[in-house]
S.K.: 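Got a structure for you, questions after.
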Amino acid sequence: MDNSLLISRYFQSILEENQEIKDIIGNDEHKIFPLLQPANLSFPFIVHARTGITVNYTKDIEYGHCGWYNIVNYTVSCVSDDYVQCVELANAVRHALETYRWKDEDIYIHPIQLLTVAEYTTDNDAFVQELQFQCMVE
């Protein structure tokens with residue numbers, strides 16, 4: 001069954017359960033959000049979103065199946081009012097996600113790969129580390 005559209009559920013779970021991330025943002029899982037953060041949120045926090053899905057129909061024996069797989073692109077943005085804390089949070093997110101794999105009866109997420117990282121500031125003097133990930137899902 002193709003559940004790649006539900007990938008945010010899995011990323012949310014991975015991020016919420018990671019102890020290194022909890023050590024930085026605290027045990028408040030209400031600081032990790034899909035798509036948009038609520039107004040008046042205290043720093044630091046994480047916003048994540050699926051940025052694209054490419055469906056591939058294949059008979060590729062290398063992946064051990066015939067049929068299809070999806071390539072999912074995903075962005076995780078770490079936001080803080082302290083630059084060093086922002087970079088540390090981004091590093092924790094990288095440790096949590098890079099090479100992570102998930103397999104259950106609903107989805108198989110092959111090892112997650114980090115593609116690139118960008119950094120910038122916002123109008124409200126926040127620092128952002130934006131990590132771009134990609135994974136194959138079947």
S.K.: Report the C-alpha separation of Leu35 and Ser8 in whole Å, then their side-chain angles, then the decisive distance to 0.1 Å, and conclude whether the side-chain contact (heavy atoms from CB on, under 4.5 Å) test is met.
M.R.: CA-CA 9 Å; Leu35 239 34; Ser8 291; over 6 Å; no
S.K.: Does some side-chain heavy atom of Tyr69 sit less than 4.5 Å from a side-chain heavy atom of Val55?
M.R.: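 Val55 vs Tyr69: side chains apart.
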S.K.: Please examine the side chains of Asp104 and Ile107, heavy atoms only from C-beta on, and report whether any two atoms are closer than 4.5 Å.
M.R.: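 Heavy-atom side-chain distance check passes, below 4.5 Å.
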S.K.: Just to verify, what does Tyr10 make a ring pair (Phe, Tyr, Trp, His ring centres under 6.0 Å) with, not counting sequence neighbours?
M.R.: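 Only Trp102 meet the ring pair (Phe, Tyr, Trp, His ring centres under 6.0 Å) criterion with Tyr10.
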S.K.: Which pairs count as ring-ring contact (aromatic ring centres under 6.0 Å, His included) when at least one residue sits in residues 113-138, sequence neighbours excluded?
M.R.: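 Counting only pairs at least two positions apart or across chains, the ring-ring contact (aromatic ring centres under 6.0 Å, His included) contacts touching residues 113-138 are Tyr83-Phe127.
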S.K.: Who are the side chain to side chain donor-acceptor pair (under 3.5 Å) partners of Ser80, not counting sequence neighbours?
M.R.: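 For Ser80 the side chain to side chain donor-acceptor pair (under 3.5 Å) partners, ignoring immediate neighbours, are Gln85.
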S.K.: Below 4.5 Å, heavy atoms only, C-beta onward: do Ile14 and Asn18 meet side chain to side chain?
M.R.: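 In short, these two side chains do not touch, never coming nearer than 4.5 Å.
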S.K.: Any chance you could lay out the side-chain contact (heavy atoms from CB on, under 4.5 Å) test for Leu15 and Val93, step after step, and finish with the verdict?
M.R.: CA-CA 7 Å; Leu15 296 170; Val93 166; 4.1 Å; yes
S.K.: Applying salt bridge (Lys or Arg N to Asp or Glu O under 4.0 Å), can you list everything that pairs with Glu98, at least two apart in sequence or on another chain?
M.R.: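 Salt bridge (Lys or Arg N to Asp or Glu O under 4.0 Å) list for Glu98, sorted by chain: Arg94.
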S.K.: Holding to side-chain contact (heavy atoms from CB on, under 4.5 Å), I want the full list of residues that pass it with Arg101, two or more places apart in sequence or in another chain.
M.R.: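 Arg101 satisfies side-chain contact (heavy atoms from CB on, under 4.5 Å) with Tyr108, Pro111 only.
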S.K.: With heavy-atom distances below 4.5 Å as the criterion, would you say the side chains of Cys135 and Ile71 are in contact?
M.R.: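 No, side chains not in contact.
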S.K.: Is there a side-chain contact between Ile7 and Val137 in this structure, where contact means two heavy atoms from C-beta onward sitting under 4.5 Å apart?
M.R.: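 Yes. Closest side-chain heavy atoms under 4.5 Å.
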S.K.: What is the minimum heavy-atom distance between Glu16 and Lys22, and which atoms define it?
M.R.: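 Result for this residue pair: O-CE, 2.9 Å.
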S.K.: Treating Ile, Leu, Val, Met, Phe, Trp and Tyr as nodes and any side-chain heavy-atom pair under 4.5 angstrom as an edge, say whether Leu89 and Val87 lie in one connected cluster.
M.R.: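 No; Val87 is not reachable from Leu89 via cluster members.
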S.K.: Enter the distance from Ile25:CD1 to His30:NE2 here, rounded to the nearest 0.5 Å.
M.R.: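 If we round to the nearest 0.5 Å, Ile25:CD1 and His30:NE2 are 11.0 Å apart.
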S.K.: Please set out all donor-acceptor pairs under 3.5 angstrom arising from side-chain atoms of residues 42-53, sequence neighbours excluded.
M.R.:
{"unit_1": "Ser42", "atom_1": "OG", "unit_2": "Lys31", "atom_2": "NZ", "d": "3.4"}
{"unit_1": "His48", "atom_1": "ND1", "unit_2": "Tyr74", "atom_2": "OH", "d": "2.6"}
{"unit_1": "His48", "atom_1": "NE2", "unit_2": "Gln12", "atom_2": "OE1", "d": "2.5"}
{"unit_1": "Thr51", "atom_1": "OG1", "unit_2": "Asn73", "atom_2": "O", "d": "3.3"}

S.K.: Tell me, please, which residues at least two apart from Thr116 pass side chain to side chain donor-acceptor pair (under 3.5 Å).
M.R.: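 Partners of Thr116 by the side chain to side chain donor-acceptor pair (under 3.5 Å) criterion come out as none, since no residue qualifies.
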S.K.: Any non-hydrogen side-chain atom of Cys86 less than 4.5 Å from a side-chain atom of Gln129?
M.R.: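 SC-SC contact between Cys86 and Gln129 confirmed.
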S.K.: Quick one: side chain to side chain donor-acceptor pair (under 3.5 Å) partners of Asp23, sequence neighbours excluded?
M.R.: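 Per chain and number, Asp23 pairs via side chain to side chain donor-acceptor pair (under 3.5 Å) with Gln19.
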S.K.: Can you pull out every salt bridge (charged side-chain N to carboxylate O under 4.0 Å, His left out) where at least one residue sits in residues 119-132? Sequence neighbours excluded, please.
M.R.: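 Listed once each, the pairs would be none.
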S.K.: Checking Asn70 side chain against Val72 main chain: does a donor-acceptor pair fall under 3.5 Å?
M.R.: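 The answer is no, because no donor-acceptor pair under 3.5 Å joins these two groups.
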S.K.: Please step through side-chain contact (heavy atoms from CB on, under 4.5 Å) for the pair Thr75 and Leu131, ending with a clear verdict.
M.R.: CA-CA 6 Å; Thr75 299; Leu131 296 90; over 6 Å; no
S.K.: What do the steps show when you test Asn124 against Asp81 for side-chain contact (heavy atoms from CB on, under 4.5 Å), and what is the final call?
M.R.: CA-CA 9 Å; Asn124 63 345; Asp81 58 352; over 6 Å; no
S.K.: Mind listing the closest non-hydrogen atom pair of Ile112 and Ile109 along with its distance?
M.R.: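 Heavy atoms only, the tightest pair is CG1-CG2, 4.1 Å.
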S.K.: Looking at residues at least two apart in the chain, or sitting in another chain, which of them share a side chain to side chain donor-acceptor pair (under 3.5 Å) with Glu17?
M.R.: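 Side chain to side chain donor-acceptor pair (under 3.5 Å) check on Glu17 returns Ser13.
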